[in-house]
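Accompanying notes for the structure given below.
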Amino acid sequence: MLISVKNLTKVYKTYQRGSSFKETVKSLFVRKPLYVHALKGISFGIEKGELVGFLGPNGAGKSTTLKILTGILYPSGGTVDVMGYIPWQDRKKYVAKIGAVFGQKSQLLWDIPPIDAFYLNKAIYVIPDREFQRIMAHMVELLDLKDVIRKPTRQLSLGERMKCEFVMAMLHQPEIVFLDEPTIGLDVIAKDKIREFILEMNKKGVTFILTTHDLSDIEHLARRVIVVNHGEIVFDDTITTLRRHWGEKKIIAVSTVYPLPDLTRPGVTVTKRISDYQAELELDLAVYELNKFIALVNKSSTIRDLSVQEPPIEETIKVLYKT
Amino acid sequence: MKNNIRIYLVGAKTALASRMAYRGDFFMSMLIMLLVEMAAPVITILIYQNGATFPGWNMYEALLIQGVFLLGKGIAYPFFFGIVWNTIERVQNGTFDLLLIKPKSVLFMAIVTGFDAEDLGKLVGGVTLFTLALSRLPAPEPGAWLQFMVLFTITLMVMFGYGLVLAGLGIVWIGNFRVYEIFESITSFGLYPTAIFSKSLQTIITLVIPVAILGSVPATVLLGRPSPGTLGAVGVSLLFLLFSLGFWRWMLKKYTSVGG
């Protein structure tokens with residue numbers, strides 16, 4: 001097991017502040033402490049070469065987990081073992097073997113080209129010249145950054161900057177890379193390029209732990225999903241299982257030659273009646289079989305066109321978040 | 001050690017390059033730093049030119065004390081005192097985390113990424129004033145130079161200690177740049193000969209809060225008239241450095257990052 005987390009807890013102490021002027025003035029002198037249980041004893045393990053997605057609403061505990069795993073924060077309780085290290089105790093030795101990309105915190109230097117920041121990392125991680133040139137050339141090619149790394153960072157697009165963040169995080173060839181919302185705010189093309197890069201590096205054996213709000217990141221990248229909510233793990237399995245988690249449902253769009261009858265019955269929910277000849281439905285296969293449904297519609301109205309789709313993962317996630 | 005020096009030089013080079021991206025602002029900032037720091041010596045010159053004095057000290061002796069004080073700040077501010085603003089700013093915007101994911105001590109990374117190029121103006125001012133004042137005074141003996149070097153090293157250590165305390169406060173006292181003003185107010189006593197203050201204040205700034213060591217104590221050995229309590233000031237300074245290191249570590253343990 002590359003990463004082993006057992007009964008991890010984290011309690012933050014914050015202070016309650018009032019919203020009115022009177023309460024604000026009062027809080028200058030008397031503050032009421034508030035204990036936030038960000039993690040309530042989570043446990044999981046991750047094998048080498050896995051690409052795991054952490055999902056959860058804001059404040060669920062994803063980033064706290066990631067910060068403990070990267071050695072940034074001390075936990076309040078529980079044990080963490082990553083590659084034989086306790087991240088917050090063996091921090092210096094440990095972080096030399098990991099990389100991290102924080103979508104909202106840049107490691108680049110705003111007014112100078114990314115290549116200068118790469119050289120700073122070269123010195124920090126003591127990367128030999130030849131190796132540095134080789135790795136940088138490889139990543140620059142993979143991420144299509146040839147004309148980018150010598151321009152001042154402030155002149156780069158968000159996508160170009162994010163690609164450079166990946167180079168920064170991976171120049172020292174880490175075994176594990178933690179990604180905290182790496183595609184936030186990016187356009188489709190930049191997202192695709194970054195996802196390709198992650199998959200390419202994952203093929204080479206790099207383990208990735210990814211937290212995101214973008215479900216398409218999870219769908220494109222992660223084979224395993226851990227859903228965190230209110231500081232607890234509410235789901236930990238493959239994305240296929242996640243889809244099936246709340247029943248084998250399909251989304252059906254149908255258009256017919258003759259008017260559609262009332263299709264509502266156990267296992268069939270009409271979500272949108274577009275016209276007498278066209279409708280969208282949700283079909284629960286455990287209750288009503290697909291071939292029976294097609295036969296029913298064809299017999300009554302003659303099918304002109306019919307499509308069957310997986311339900312959007314967002315719906316499943318929403319249900320998980322509400323638990 | 002060699003590698004750390006290399007990292008520091010690369011960090012300083014990138015900070016300089018970063019600051020020089022806006023040339024006009026860079027030179028203006030340096031000039032302003034120089035002028036601000038020259039305010040106290042200019043006032044001293046005006047005082048002496050109007051017939052008033054610091055009792056027992058001629059103008060160049062008083063300027064030498066201020067020269068040593070500014071030289072200390074001139075070395076500290078660009079080269080390592082940047083930990084203060086760097087820490088406060090990073091804790092406030094959440095990028096302090098990025099120092100913790102580097103395989104070096106957080107303090108070292110805060111120094112490397114906190115190199116403050118525009119404060120080189122202070123160094124220019126310190127060197128100028130120190131050289132100017134010294135050139136108008138009898139040349140110190142080699143022994144006095146040696147003592148001065150030792151004491152001035154302690155001056156820099158105390159400056160580093162102040163940096164640690166202020167940066168440590170910045171970890172828990174989020175976004176509070178007022179710490180600079182507190183520091184400037186406390187240490188401004190170091191600009192003047194200790195002997196001009198009352199006995200009780202002399203004791204406080206020499207043996208309780210290490211302020212006299214920032215200017216008066218090392219300068220007076222160069223003048224051949226060491227301040228009373230020099231040894232005590234050295235002891236207090238070393239204790240202060242130990243305290244500040246402990247304080248920084250304690251504050252670092254309290255670091256809770258920001259939400260994300």
Side-chain angles (χ1 to χ4, degrees), chain A residues 10-14 36 38 58-59 62-64 66-68 70-74 87-88 90-113 115-126 152-154 165 168-169 172 174 178 180-181 211, chain B residues 1-23 25-26 86 89-115 117-118 171-174 249-250 252-260:
Chain A
K10 178 69 186 176
V11 182
Y12 290 107
K13 185 182 177 185
T14 60
V36 180
N58 290 327
K62 315 182 292 292
S63 292
T64 302
L66 210 73
K67 281 173 186 171
I68 292 173
T70 47
I72 292 171
L73 288 181
Y74 290 79
W88 58 94
D90 312 315
R91 192 188 61 81
K92 277 196 268 180
K93 280 184 197 163
Y94 167 68
V95 295
K97 292 174 183 287
I98 65 161
V101 175
F102 297 100
Q104 302 190 66
K105 294 168 192 173
S106 180
Q107 296 195 55
L108 303 171
L109 302 157
W110 188 245
D111 292 312
I112 57 173
I115 192 162
D116 288 339
F118 299 163
Y119 272 101
L120 183 60
N121 259 17
K122 174 186 180 293
I124 291 169
Y125 290 96
V126 202
T153 303
R154 66 171 185 275
E165 295 285 351
M168 273 294 269
H172 58 291
F178 296 92
D180 193 6
E181 301 190 39
T211 77
Chain B
M1 186 65 184
K2 204 172 151 190
N3 185 49
N4 282 353
I5 293 170
R6 191 180 301 130
I7 296 170
Y8 182 82
L9 290 176
V10 176
K13 201 179 90 182
T14 49
L16 260 174
S18 206
R19 205 65 192 84
M20 285 175 176
Y22 308 99
R23 286 176 303 171
D25 181 56
F26 175 68
N86 195 19
E89 212 169 87
R90 282 177 177 273
V91 169
Q92 191 175 20
N93 64 27
T95 54
F96 194 71
D97 292 354
L98 300 176
L99 303 184
L100 286 152
I101 57 166
K102 300 291 176 196
K104 290 285 165 191
S105 89
V106 182
L107 180 57
F108 177 68
M109 285 312 300
I111 293 171
V112 169
T113 55
F115 182 86
E118 67 191 46
I171 291 175
V172 289
W173 202 0
I174 295 163
R249 285 193 189 129
W250 182 41
L252 197 58
K253 279 202 166 182
K254 284 179 168 275
Y255 177 62
T256 52
S257 188
V258 292

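Naming: A, B, ... by sequence-line order, numbering from 1 per chain. Model, not experiment: these values are computed from the prediction.
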* Would you check if the side chain of A:Gln107 reaches a backbone N or O of A:Ala117 as a donor-acceptor pair within less than 3.5 Å? => no

| Full working for side chain to side chain contact (heavy atoms under 4.5 Å, CB included) between A:Leu73 and A:Tyr12 | CA-CA 11 Å; A:Leu73 288 181; A:Tyr12 290 107; 3.1 Å; yes

Looking only at B:Val106, B:Leu100, B:Val10, the option with the highest number of non-hydrogen pairs under 4.5 Å against chain A is B:Leu100

Looking only at A:Leu120, A:Ile98, A:Asp116, most heavy-atom pairs under 4.5 Å shared with chain B are made by A:Leu120

Sorted by chain and number, sequence neighbours left out, side chain to side chain donor-acceptor pair (under 3.5 Å) with B:Tyr8 holds for none

Bottom line for A:Ser106: the part with an atom under 4.5 Å from chain B's heavy atoms is backbone

Residues passing the side chain to side chain donor-acceptor pair (under 3.5 Å) test with B:Thr113, sequence neighbours excluded, are B:Asn86

Using a strict cut-off of less than 4.0 Å between a Lys/Arg side-chain nitrogen and an Asp/Glu carboxylate oxygen, indicate whether B:Arg90 and B:Asp97 qualify as a salt bridge.
no

Greatest number of non-hydrogen atom pairs under 4.5 angstrom with chain B, of A:Ile124, A:Thr70, A:Thr211, falls to A:Ile124

inquiry  = Using modelled atom types and a 3.5 Å cut-off, is there a donor and acceptor pairing between side-chain atoms of A:Arg91 and backbone atoms of B:Lys102?
reply    = yes

Whatever's closer than 4.5 Å to a heavy atom in chain B on A:Tyr94 counts as neither

Whatever's closer than 4.5 Å to a heavy atom in chain B on A:Leu109 counts as side chain

Under 4.5 Å to a heavy atom of chain A? For B:Met20 that would be neither

The interface call for B:Ile101 against chain A, heavy-atom contacts under 4.5 Å, is both

Cut-off 4.5 Å, heavy atoms of chain A, and the answer for B:Leu9 is neither

